[in-house]
Amino acid sequence: MQRTLVKTAHDATGPMDAIFLQGWVRTRRDAKAFSFVELNDGSSLKGLQIVVDASLADYPQVARAHTGASVEVHGQLVESKGSGQKWEVVATQFKVVGEADGTYPLQKKGHTLEFLREIAHLRPRSNLFGAVFRVRSRLAYAVHQFFQERGFHYVHAPIITASDAEGAGEMFRVSTLDPKSPPLTPEGAVDYAEDFFARPTFLTVSGQLEAEIFACALSNVYTFGPTFRAENSNTSRHAAEFWMIEPEVAFCDLNGDMDLAEEFVKHLIRDVKTHCAADLEFFGKFVDKELLARLDFVLEKPFVRCSYTEAVEILNASGRQWEHPVQWGDNLQAEHERYLTEEHFKCPVTVYNYPRAIKAFYMRVNAPDAQGRETVAAMDLLVPGIGEIIGGSQREERLDVLRESMARHGLEEKPYWWYLDLRRYGTVPHAGFGLGFERMLMFATGVANIRDVIPFARTPGTAEF
RNA sequence: UGCCCGGUAGCUCAGUGGCAGAGCAGGUGACUGUUAAUCACUUGGUCGCUGGUUCGAUCCCAGCCCGGGCAGCCA
């Protein structure tokens with residue numbers, strides 16, 4: 001007989017004479033003449049109540065059905081006599097597939113997130129993590145949907161790369177050389193010409209440069225894949241392995257880029273609100289009481305756009321004592337970004353046109369302002385509670401300006417020959433951005449730590465599972 | 001990497017320079033269309049590790065290990 005998922009059973013429009021369910025026991029409540037078993041199979045937050053009468057031949061099985069055990073149930077789907085659920089299943093057969101004894105770590109009581117991280121192989125069976133990973137799955141689908149509906153093509157950027165996307169972060173080396181006795185050059189350095197790819201190679205820190213290649217051919221593209229940063233970051237919003245979405249659009253300037261970013265974020269939130277309503281309600285109740293109001297607010301209001309120069313003026317006019325005082329030319333610190341999005345504007349804010357000196361070489365140089373200060377067409381989208389969720393820019397499409405910027409950054413042209421070729425042959429204004437998928441998920445769910453929105457987090461010193 | 005906080009039962013925590021505690025989970029029994037059910041009884045400990053101070057250290061001190069928060073790096 002075909003299995004019915006718990007979610008499908010909940011959505012039933014009428015009773016069913018025969019139903020077959022498989023899943024895991026969340027909790028059991030015994031009476032003298034019968035037991036209630038709450039069954040969950042991950043298809044929905046809410047479990048299904050199974051009523052097992054003591055007169056049933058299989059009833060002895062129920063005593064073995066502790067929290068965590070896997071079970072199979074045949075029965076009838078009927079309207080519940082109790083309050084709290086519409087449907088329940090009266091069992092006709094009840095079988096324990098795999099027992100879980102008293103050492104099963106997931107109890108009915110609440111657990112701390114720190115403890116659940118240590119049992120990452122079991123935490124998806126909890127309410128919170130079940131909800132997080134259902135939303136994660138839906139959000140990934142919504143990413144593709146957004147771009148596919150708008151004529152964007154999905155590009156698989158390489159995971160192993162020889163380029164370092166300049167300044168994006170420390171990289172993990174990919175090598176098959178024997179670390180105990182690597183081949184050496186006459187000068188005594190490790191000879192990577194002997195390595196697998198005959199050159200030094202690394203895990204990608206960004207697919208942007210490759211996405212630019214494809215944007216300059218297919219016009220509208222996006223990448224969506226894993227990204228690696230070997231930074232020794234120990235914060236709630238950094239991971240060594242995370243997923244990033246990087247759209248790249250030909251014939252597009254910074255304004256178009258900011259429009260796309262805003263539309264994208266709104267689409268993702270709208271989609272999750274529509275398709276993960278029960279899970280979001282759970283987050284609103286147990287994780288972040290203001291979540292639902294904030295998500296609505298984000299959908300309704302246009303995001304504020306504020307130039308870097310204006311931002312510095314706002315910060316200096318705030319009357320705040322900053323731990324890091326700001327003047328034009330400085331990087332904005334986390335405290336500044338938080339103030340702008342959480343206190344001054346109280347909504348998502350796109351800060352654009354940053355000083356040239358503090359940004360990457362590939363960003364397009366703007367005309368100097370009245371005071372002769374140079375900026376680049378870069379933008380960061382800041383959201384309350386998380387800070388930077390998107391970083392992007394219009395790319396420098398003018399060959400001479402790009403070469404000058406590379407020289408300023410002390411970059412050799414040779415390894416970037418193909419990147420420069422894009423400006424030699426049919427160059428076009430183009431722009432793009434990177435959205436941290438996990439950060440978006442944090443924003444959508446209210447979950448405060450990036451380690452809790454990725455199945456198996458990789459952070460410094462941790463790669464269990 | 002820097003600064004700060006923590007580590008006591010399976011989990012969440014209390015506690016004391018002199019016999020190691022509670023709630024939940026597990027076990028036994030009772031009871032009830034129950035909803036993190038309830039009630040009674042009950043099993044369960046290298047008090048993170050190493051060293052020091054002390055008659056005596058889970059408690060005080062030092063070092064180390066592990067976890068977390070914040071900052072930097074960024075998405």
Side-chain angles (χ1 to χ4, degrees), chain A residues 26-38 46-53 63 66-68 78-85 88 90 100-119 122 126-127 165 167-170 205-208 223-246 261 286 323-324 331-338 358-360 380-383 386-392 433-443 448-454 459-462 464:
Chain A
R26 279 296 172 78
T27 179
R28 194 182 88 214
R29 296 174 288 275
D30 293 329
K32 196 177 217 169
F34 48 86
S35 289
F36 296 109
V37 176
E38 192 188 322
K46 199 169 156 57
L48 191 61
Q49 176 159 286
I50 312 294
V51 187
V52 191
D53 197 275
H66 292 122
T67 300
V78 300
E79 279 194 51
S80 178
K81 287 184 211 163
S83 58
Q85 61 275 318
E88 66 186 17
V90 176
D101 67 15
T103 63
Y104 182 65
L106 279 178
Q107 299 150 20
K108 289 183 255 183
K109 278 268 188 179
H111 292 287
T112 60
L113 294 171
E114 291 82 1
F115 171 67
L116 291 166
R117 273 172 218 152
E118 292 169 9
I119 50 165
L122 298 173
S126 67
N127 284 335
E170 291 295 311
V205 291
S206 165
Q208 179 200 316
T223 70
F224 184 8
T227 309
F228 307 87
R229 305 267 168 98
E231 303 284 348
N232 192 3
S233 298
N234 287 289
T235 79
S236 54
R237 56 189 193 285
H238 288 87
E241 177 183 296
F242 62 99
W243 287 63
M244 185 156 66
I245 297 122
E246 297 182 285
F286 294 107
E323 198 180 320
H324 306 274
N331 253 315
L332 298 184
Q333 306 292 313
E335 58 171 338
H336 307 135
E337 295 183 341
R338 293 185 71 109
I358 58 173
K359 286 293 183 178
D380 283 350
L381 175 57
L382 314 175
V383 296
I386 297 178
E388 187 177 340
I389 197 166
I390 281 179
F433 61 80
L435 174 126
F437 185 62
E438 283 77 15
R439 288 191 182 171
M440 185 67 219
L441 199 48
M442 291 166 73
F443 186 63
N449 197 308
I450 198 167
R451 298 173 183 86
D452 299 324
V453 295
I454 190 163
T459 52
T462 305
E464 190 76 57

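The chains referred to below are lettered A, B, ... by the order of the sequence lines, with proteins before strands, and numbering in each begins at 1. Values reported hereafter were calculated over all heavy atoms of this structure, with side chains retained and with hydrogens, waters and symmetry mates removed.
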Using atom C1' in both nucleotides, what's the gap between G15(B) and A75(B) to the nearest angstrom? 45 Å
Among G33(B), C74(B), G72(B), the nucleotide that comes nearest once only the side chain of R439(A) is considered: C74(B)
Let's test this: given Watson-Crick or G-U wobble pairing with both distances under 3.5 Å, identify the partner of A71(B). U1(B)
For the pair E335(A) (side chain) and H324(A) (backbone), establish whether a donor and an acceptor sit closer than 3.5 Å, ignoring hydrogens and angles. yes
Let me know the distance between CG of L122(A) and P of A25(B), rounded to the nearest Å. 19 Å
Give the rounded distance in Å between these two atoms: CD of E231(A) and P of U1(B). 13 Å
Mind checking the CH2-CZ spacing from W243(A) to F224(A)? Nearest 0.5 Å is all I need. 6.5 Å
Do any side-chain nitrogens or oxygens of R28(A) fall under 4.0 Å of OP1 or OP2 in G26(B)? no
Give a yes/no on whether any side-chain N or O of Q333(A) is located under 4.0 angstrom from OP1 or OP2 of G72(B). yes
Please measure how far the P atom in A37(B) lies from the corresponding atom in G52(B), and state the result in whole Å. 50 Å
Would you mind reading off the distance between N234(A) atom CG and C3(B) atom P, rounded to a whole angstrom? 13 Å
Measure the spacing between OG1 of T223(A) and CE of M244(A) and express it to the nearest 0.5 Å. 6.5 Å
Is_stacked (F242(A), A75(B)) at 5.5 Å, 30 deg: yes
Would you check if V51(A) and F36(A) make a side-chain contact, meaning some heavy-atom pair closer than 4.5 Å? yes
Closest-nucleotide ordering on RNA chain B, the 5'-leading residue of R338(A) and G461(A): G461(A)
Is the F115(A) ring parallel, tilted or perpendicular to the H111(A) ring (thresholds 30°, 60°)? tilted
Mind calculating the distance between CD1 (I386(A)) and P (C74(B)) to the nearest angstrom? 18 Å
Watson-Crick or G-U wobble partner of G45(B), both distances under 3.5 Å: none
Residue pair P460(A)/H324(A) against RNA chain B: nearer the 5' end by closest nucleotide is P460(A)
CD1 (I386(A)) and CD (E438(A)) are apart, to the nearest 0.5 Å, by 11.5 Å
Rounded off to whole Å, could you give me the CG-to-P distance for the L382(A) and A75(B) pair? 12 Å
Which nucleotide sits closest to the side chain of A334(A): G33(B), G27(B), A71(B)? A71(B)
T235(A) side chain near A71(B) phosphate (N/O to OP1/OP2, under 4.0 Å): no
Side chain of I450(A) only, please: which of U35(B), A75(B), C70(B) is the nearest? A75(B)
For A37(B) and R29(A) - does any side-chain N or O of the residue sit under 4.0 Å from the phosphate oxygens OP1/OP2? yes
Determine the minimum heavy-atom distance between I454(A) and F242(A), stating which atoms define it. CD1-CA, 4.5 Å
Examine the base of U34(B) for any acceptor or donor lying under 3.5 Å from a partner atom in the side chain of E38(A), and report the outcome as yes or no. no
Nearest-Å distance once atom P is located in both U34(B) and C70(B): 43 Å
Tell me, do Q49(A) and R29(A) make a side-chain contact under 4.5 Å, heavy atoms counted? yes
Determine whether any donor atom in the side chain of R237(A) lies under 3.5 Å from an acceptor atom in the base of C70(B), or the reverse, and answer yes or no. no
Mind listing the closest non-hydrogen atom pair of G68(A) and A100(A) along with its distance? C-CB, 3.5 Å
Of all the choices, G69(B), A37(B), G33(B), which nucleotide is nearest to the side chain of T27(A) once you look at every atom? A37(B)
Distance-only donor-acceptor test (3.5 Å): side chain D30(A), base U34(B): no
Within 90° of 0 counts as syn, otherwise anti: where does C49(B) fall? anti
Working to the nearest 0.5 angstrom, can you tell me the gap between M442(A) CE and N449(A) CG? 6.5 Å
With sugar-phosphate meaning primed atoms plus P, OP1 and OP2, does T462(A) contact a base, only sugar-phosphate, or nothing at under 4.0 Å between heavy atoms? sugar-phosphate
Is there a donor-acceptor contact under 3.5 Å from the side chain of T67(A) to the main chain of R26(A)? yes
Take atom CG of D53(A) and atom P of U34(B), then tell me their distance rounded to the nearest Å. 16 Å
Measuring from the side chain of R229(A) (C-beta onward, heavy atoms only), which nucleotide among U34(B), G69(B), A75(B) has the closest atom? A75(B)
Considering only atom C1', compute the distance from G10(B) to A71(B) and round it to an integer number of Å. 36 Å
Separation between the C1' atoms of G7(B) and U46(B), rounded to whole Å: 14 Å
Sequence-aligned protein contact record of nucleotides 7-13 of chain B, with B where the base is within under 4.0 Å of a protein heavy atom and S where only the sugar-phosphate is: ---BSS-
Is E88(A) touching bases, backbone alone, or none of the nucleic acid, heavy atoms closer than 4.0 Å? base
Nucleotide paired to A36(B) in any strand shown, Watson-Crick or G-U, under 3.5 Å: none
K81(A) side chain: which of A37(B), C70(B), G33(B) is closest? G33(B)
Applying the Watson-Crick and G-U wobble criteria at under 3.5 Å, what pairs with A62(B)? Answer none if nothing qualifies. U50(B)
Are OP1 or OP2 of G2(B) and a side-chain N or O of N232(A) less than 4.0 angstrom apart? no
Using the C1' atom on both, measure U58(B) against A14(B) and round to a whole Å. 13 Å
Under the 3.5 angstrom rule, does the side chain of T235(A) hit a backbone N or O of R237(A) as a donor-acceptor pair? yes
In whole Å, what separates the P atom of C47(B) from that of U8(B)? 11 Å
Expressed in whole Å, how much space separates the C1' atoms belonging to U12(B) and C49(B)? 24 Å
Of the listed A75(B), C70(B), G33(B), the closest approach to the Q49(A) side chain comes from G33(B)
Whole-Å distance between C74(B) C1' and M442(A) CE? 13 Å
Across every strand shown, the nucleotide meeting Watson-Crick or G-U wobble geometry with U12(B) (both distances under 3.5 Å) is A22(B)
How many whole angstroms separate atom CZ of F34(A) from atom P of A37(B)? 15 Å
U35(B), OP1 or OP2 - any side-chain N/O from R26(A) closer than 4.0 Å? no
Classify the nucleic acid contact of I390(A) as base, sugar-phosphate or nothing, counting any heavy atom under 4.0 Å across all strands shown. sugar-phosphate
